[in-house]
Structure formats: C-alpha cells, structure tokens
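Everything on this sheet refers to the single structure shown next.
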Amino acid sequence: MDEPRQSSWTGVGAALRKAAPPPALCGFLLLLALIFTVSYVVGAGAGPVAPGMHGSGTSRDGGDGGGGGGGGVDDMGDMQGGHS
C-alpha cells in the first residue's frame, strides 16, 4: 500500500489559500471596476455637460480661461433678497 507523500508544498499552498481574499470579494471588486469602466466610457461618449464651460486654468490665448463673465461671489448679490 502506498502512503501519500506530504511535501513542503502542502504547507505553502495552505498558507496561500489563507492569505488570498475570499472569492466573493474578488468578484465584487471585478464588478465594481467593470461598472466604473462602463460609466467612464458612456460619459466620454456623451461629451461635456456644459460645452461652453472650461476649467479655471490658463488658456492658450491668454484669456480668462474661457469661462466668460469672470463669475464670482458678486454675481450672487441679486439673490440675497436685499431689494433697493
């Protein structure tokens, strides 16, 4: 009768199985990455929400960033409720 040989790999395999995350967590993370990827692709395909709106960074023509109007807190002054 043959006895099964236990090699040192048995202990290493058990240790790796303990260190690996559960399959449900791996599946959840994979699903999450897939959802974010699909969301990004759909958003990139839809284009910008407000085409005339640009970041506050510098622009190539040296203007005000293309935002126009120089919007700030002063633009909200009419909404304060103080009628003159």
Side-chain angles (χ1 to χ4, degrees):
M1 288 199 212
D2 294 322
E3 282 188 32
R5 293 170 64 188
Q6 290 187 358
S7 64
S8 61
W9 291 105
T10 317
V12 173
L16 285 176
R17 273 185 256 125
K18 276 188 174 183
L25 178 63
C26 292
F28 173 73
L29 293 176
L30 184 65
L31 182 65
L32 192 65
L34 180 69
I35 289 173
F36 276 116
T37 302
V38 169
S39 174
Y40 178 79
V41 169
V42 168
V49 174
M53 182 182 280
H54 298 288
S56 61
T58 59
S59 64
R60 292 184 187 185
D61 63 349
D64 65 347
V73 177
D74 295 332
D75 291 341
M76 299 293 286
D78 295 336
M79 298 177 66
Q80 296 291 327
H83 297 286
S84 24

Checking V38, L34, L32 against F36 for side chain to side chain contact (heavy atoms under 4.5 Å, CB included), the one that qualifies is L32
Apart from L30 itself, residues in the same hydrophobic cluster as defined by side-chain heavy atoms under 4.5 Å:
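Result for L30 is none, singleton.
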Residues joined to Y40 in its hydrophobic cluster, side chain to side chain under 4.5 Å directly or through other members, sorted by chain and number, are none
Sequence neighbours left out, what passes side chain to side chain contact (heavy atoms under 4.5 Å, CB included) with I35? Give chain and number order.
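Listed in chain order: L31.
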What pairs with P21 under side chain to side chain contact (heavy atoms under 4.5 Å, CB included), at least two apart in sequence or on another chain?
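P21: side chain to side chain contact (heavy atoms under 4.5 Å, CB included) contacts with L25, C26.
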